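Naming convention: chains lettered A, B, ... in sequence-line order (proteins, then strands); numbering from 1 in each chain. These numbers come from a predicted model, not from an experiment.
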Amino acid sequence: MDVSPILDPLNEAQREAVASEMLPALVIAGAGSGKTRVLVHRIAWLCEVESVSPYSILAVTFTNKAAAEMRSRVESLLESSLGGMWIGTFHGISHRLLRTHWQEAKLKQSFQILDSDDQLRLVKRVILGLGLDDTKWPAKHARWYINGRKEEGQRPQHIQDHGDVTDRQLIRIYTAYQAACEQTGLVDFAELLLRSLELLQQNPEISTHYKAKFRHILVDEFQDTNSIQYQWLKVFAGEENPIFAVGDDDQSIYGWRGARIENIHSFESDYKQAQIFKLEQNYRSTNTILSAANSLIGNNQSRMGKKLWTEGGDGEPIYLYTAFNEQDEARFVADKIKHWVETCNGRRDEAAILYRSNAQSRVFEEVFITQSIPYRVYGGFRFFERAEIKDALAYLRLSKNSADDPSFERIVNVPTRGIGQRTVAMLRDFSKQHQLTLWEAAEKILQASLLAARASNALQEFMRLMHKLRHDIDGLELDEQVDHIIQVSGLVKHHGRDGSEKSKSRVENLEELVVAARGFHMDDELYEGMQPLDAFLTHASLEAGEGQGAQWDDCVQLMTLHASKGLEFPLVFIVGLEDGLFPSSMSMEEPGRLEEERRLCYVGITRARQQLVLTYAESRRQYGSDNYNPPSRFISEVPAELIAEVRPRAAVTKPTVRASFQANSFAAETGVKIGARVTHVKFGEGVVLDCEGKGSSARVQVHFENVGSKWLVLAYANLDMLA
DNA sequence: ATAAAACGATTTTTT
DNA sequence: ATCGTTTTAT
């Protein structure tokens, strides 16, 4: 057996992980250390050397993109196609299980997936249906609650309200929402995971089958798994099958969405024989950039511990620019990019601008437009999430499943056909009273002539239209079905009415949907046994599509720090480095959340290959008024010797460069270090967040578990250090 | 049924 | 400031 193609391209640490025994393994893979490569080569190793059949491998990722990349890289390494191997997202694989075992999972065979927008609408309707005031019970909050409970594996009947009124109402909403989903055959994202976990837990014959099938389980981005996902993995693993988990605790930035970094620690105790590997050699960035990243992340307390290094050189220093305001900041970045393109022979798409919040992109866009610099903003609405597309899909869904109430509500008056609020309210009441779907309620109401003539006619017209559509599209090809529906429903005409740019693009999108349907192939095993339309609808829900169509132009890349995870660029700007913005004011007071912000900064820094530029503005217009935020504490956590200030400003008090000295000298003088745990006689235990001043006026900001954050004068506070 | 006016929120978002 | 949502007026 020639193992050289598999092992030769790897470094020592990677090789050890790839060729490790068939035992549980945890690979802590630093940024740019070849994480995907290890995963891909491990699969190849299993197939080629350990003679594991691809049918026995389950590889799980978070995004469709990562799944597709992994599959194609394994295929090109093995030079064969991996038909039988299950590579997919947690949601995709859960979905596949539920489709196969829909009966055991107590689902309708034709269940459809509710995306988060659909979910919000449904939650809102449920709240109103319970007679609650939706301003007192915001749908967003209820959705957050429901998803949170599902991610903890909790069903309404398991939850105690502890006599709390708020909890009791939320549980009521959850219960009613779930009932609505069951009745209409809809499944939300969290439900896909929980339902498939329950399926496995409650049906031993099914879990036994899959445990016998999947002898090897591989997971990407393990630090991002939530508690249900980890449980789900453990079911597949059972006692027998080793999990090969790859992740980076320092890149865990989705804690606010339920990701549990603790799963990494649990893994060690859950699998005692687990081998731990660390990948610390970085192939992406210069030494300077890595030193900055190492130093910054060193301020976090709860880490596995890891230090990136490279064989490469130091490269350029990190530039720091202090802008007067956000306009100045954007102009500076634009100039720097021009310089990169014109004198350094770089390309625009090698430059990325990373910011904490989406709102920050605007100023950059304005400046780029006036200077004619092509750019591309990541994020925003994706294809299948656009309103007009969702309208068209709702027609398709309703024509397929008349019980789909959310789709019914969405399109009953789109385009407007004289079915107003009152009529819809009547339908809702009637359906609720008689336990009917909206469609059935409409039929009954028409039969009984309960509506005024005008509303009755309009509703009748709608029902006739749906009947006609259902009849017309029977037997047509998928793309013909889509085309027929968008034409006959009047959606195209509706959007094409006024000739504005926006309406033009909506019509184009609808036409694009026909093209997407034409290009949609059922060849994926995922869609085995499904009707083409069901499969297409599933595809639309599970894969929302790219933010923008392929943009091959040479564009500057603008995105949030979150969106940058997994990407790399020769030239990276991290902008808006101000306390209150980044770290966000909403996370600054809580040590755990501040650490996540710091990891986000670490992610940003480690995106850069050659050149990293940091900027902050002394004054920034936020929410309509001018704010003067102090420079981000993260700037001072980068060693000053790595930083070159672009505009050194002698006269003005600017502690930026001195700040890291300041934190260090503060520690030397007072013995109090940022991040240290302390106790206070009155306030109890806490963590040091920040420090300032010296001598008798030295003060520290401490976050106490019970009373929140406080600034304390060291001389009076009588803090005790904890080990 | 549409348009204007008032209101309110405003970190990040893999599926 | 600005964007999306909801209320109110035409």
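Y378(A) has no side-chain polar atom (N or O) that falls below the 4.0 Å cut-off from OP1 or OP2 of dT12(B). In terms of phosphate contacts, R382(A) brings a side-chain nitrogen or oxygen within less than 4.0 Å of OP1 or OP2 of dT15(B). An OP1 or OP2 oxygen of dA1(C) is reached within less than 4.0 angstrom by no side-chain nitrogen or oxygen of S625(A). Put simply, N358(A) has no side-chain N or O that comes within less than 4.0 Å of OP1 or OP2 on dT10(B). Considering only side-chain N and O atoms, T416(A) lies under 4.0 angstrom from the phosphate OP1 or OP2 of dT2(B).
Along DNA chain B, the nucleotide nearest to E221(A) and the one nearest to E597(A) differ in position, and the one closer to the 5' end is contacted by E597(A).
Atom name P, nucleotides dT12(B) and dT5(C): the rounded distance is 16 Å, in whole Å.
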Given protein heavy atoms under 4.0 Å, the one-letter contact record of nucleotides 2-9 of chain C, with B base, S sugar-phosphate only and - none, is simply SS--S---
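Atom-to-atom, CD1 of I93(A) to C1' of dT15(B) comes out at 13 Å; the value is rounded to the nearest Å. Across the protein-nucleic acid pair, R422(A) atom CZ and dA1(B) atom P stand 12 Å apart, rounded to whole Å. The nearest whole Å value for the distance from the CG atom in D117(A) to the P atom in dT15(B) is 16 Å. To the nearest angstrom, P of dT10(B) lies 16 Å from CG of N627(A). Following rounding to the nearest Å, Y254(A) (OH) and dT11(B) (C1') show an atom-to-atom distance of 12 Å. Going from atom CD of Q229(A) over to atom C1' of dT15(B) covers 9 Å, rounded to whole Å.
Counted by atom type alone, E618(A) and Y628(A) present zero donor-acceptor pairs between their side chains at under 3.5 Å. Using modelled atom types, one finds no donor on one side chain facing an acceptor on the other under 3.5 Å when comparing Q223(A) with D248(A). One side chain, D188(A) or Y177(A), offers a donor N or O that lies under 3.5 Å from an acceptor on the other.
The salt bridge (charged side-chain N to carboxylate O under 4.0 Å, His left out) search around D249(A) returns none, not counting sequence neighbours. By the side-chain hydrogen bond (donor to acceptor under 3.5 Å, both in side chains) test, D250(A) is found to be paired with R303(A), K306(A), residues two or more places apart in sequence or in another chain being considered. Considering only residues two or more places apart in sequence or on other chains, T63(A) meets the side-chain contact (heavy atoms from CB on, under 4.5 Å) condition with K65(A), A66(A). Remark: R71(A) engages no residue in a side-chain hydrogen bond (donor to acceptor under 3.5 Å, both in side chains) (not counting sequence neighbours).
Aromatic ring pairs are classed by plane angle as parallel below 30°, tilted from 30° to 60° and perpendicular above 60°; the pair Y254(A) and H562(A) is tilted. Between F214(A) and Y210(A), the ring planes lie parallel to each other; the angle is under 30°, not in the 30° to 60° tilted range.
Of the listed residues (D626(A), V363(A), N325(A)), just one forms a side chain to side chain contact (heavy atoms under 4.5 Å, CB included) with R621(A), and that residue is D626(A).
Taking the ring centre of F364(A) as origin, the terminal cationic atom of R362(A) falls outside the region bounded by 6.0 Å and 45° from the ring axis.
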Let me check I have this right: for DNA chain B, each base becomes ., (, ), [, ] or |, based on Watson-Crick or G-U pairs with both distances under 3.5 Å. What is the full string? ||||||||||.....
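If you check dT15(B), dT13(B), dT11(B) against the side chain of E385(A), the one that comes closest is dT15(B). Of the candidate nucleotides dT13(B), dT2(B), dT15(B), dT15(B) has the atom lying nearest to any side-chain atom of T63(A). For T89(A), whose side chain is taken as the heavy atoms from C-beta onward, the closest listed nucleotide among dT15(B), dA1(C), dT13(B) is dT15(B). Closest to the N64(A) side chain, of the nucleotides dT12(B), dT15(B), dA1(C), is dT15(B).
Residue contacts for G92(A): at a heavy-atom cut-off of 4.0 Å it reaches no nucleic acid atom on any strand shown. Within 4.0 Å of S584(A), counting heavy atoms only, lies at least one base atom of the nucleic acid. At the heavy-atom level, S587(A) lies under 4.0 Å from base atoms of the strands shown.
Between the side chain of R593(A) and the base of dT11(B), a donor-acceptor pair under 3.5 Å is found.
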